[in-house]
Amino acid sequence: MQYCFFTNGGAGAVEMSLKLARIATGGRWYISTVGAFHGKSMGAISMGGKSTYRTPYIPMVQQVQHVQYGVAEDIRKAIENLQAVGEKVAGVILEPIQGEAGVIIPPDGYLTEVRKICDETGVALIFDEIQTGMGRTGTMWRYEYEGVTPKKVMAMENEMYYIIRKRRNLCR
């Protein structure tokens with residue numbers, strides 16, 4: 001990762017990543033996954049894929065398409081369908097391992113395939129590493145397990161502070 005930005009929590013990191021994806025791509029649509037949890041701010045909860053969090057706030061922020069987690073082809077189809085009708089997709093946001101959904105680990109190669117799809121279609125890839133980052137899964141970031149680099153990564157600020165004090169070299 002070349003750059004870092006700091007926020008006061010996970011939902012703020014999600015919100016900023018969504019904004020940066022829009023600025024970078026000019027797109028307005030997002031692809032997220034069923035079962036996802038990205039926070040409780042309005043934008044973050046709109047990306048989430050759990051009805052228990054979403055229902056009280058309907059209508060949500062529009063322009064979000066939810067697909068099955070762990071099925072890269074569903075992401076490809078969603079992007080292609082939106083582009084076929086003239087819509088531009090800003091980003092794909094997903095958790096490298098779904099936490100709130102029950103610690104769902106995707107099939108090997110999933111993150112690599114999603115990275116490839118995003119590169120081919122000009123869509124930003126956002127990994128929500130709030131629950132899986134900071135060494136919790138064996139590597140500093142879960143995406144490193146597959147050797148994939150996203151455009152945006154999110155992690156909570158209090159943990160970032162600790163790591164920066166210890167390593168002083170979080171951003172490479």
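Everything quoted here is computed from the prediction, not taken from an experiment. Residues: numbered from 1 along the sequence shown.
A distance of 11.5 Å separates CD in Glu15 from CG in Leu20, rounded to the nearest 0.5 Å. In this structure, the separation between CD1 on Ile93 and CG on Leu125 is 10.0 Å, given to the nearest 0.5 Å. The structure places OH of Tyr110 at 3.5 Å from CD1 of Ile75, a figure rounded to the nearest 0.5 Å. For the atom pair CD1 of Ile31 and CG of Leu94, the computed distance is 11.0 Å after rounding to the nearest 0.5 Å. Atom CZ of residue Arg28 and atom CZ of residue Arg22 lie 5.0 Å apart, to the nearest 0.5 angstrom. How far CZ of Arg115 is from CZ of Phe127: 7.0 Å, rounded to the nearest 0.5 Å.
Each of Leu82, Asn81, Thr121 was checked for a side-chain contact (heavy atoms from CB on, under 4.5 Å) with Val89, and the lone residue meeting it is Leu82.
A donor-acceptor distance shorter than 3.5 angstrom exists from the side chain of Tyr69 to the backbone of Glu95, with no hydrogens or angles considered. In this structure, the side chain of Tyr30 does not engage the main chain of Ala90 through any donor-acceptor pair within 3.5 Å.
For the pair Val123 and Ile79, the minimum side-chain heavy-atom distance is below 4.5 Å.
The side-chain hydrogen bond (donor to acceptor under 3.5 Å, both in side chains) test applied to Glu120 returns Arg76, not counting sequence neighbours. Shown here are the side-chain hydrogen bond (donor to acceptor under 3.5 Å, both in side chains) partners of Glu80, two or more places apart in sequence or in another chain: there are none. Under the rule for a side-chain hydrogen bond (donor to acceptor under 3.5 Å, both in side chains), Ser32 has no partner lying at least two apart in sequence or in another chain.
Counting all heavy atoms, side chain and backbone alike, His66 lies closest to Thr33 at CD2-O, 3.8 Å.
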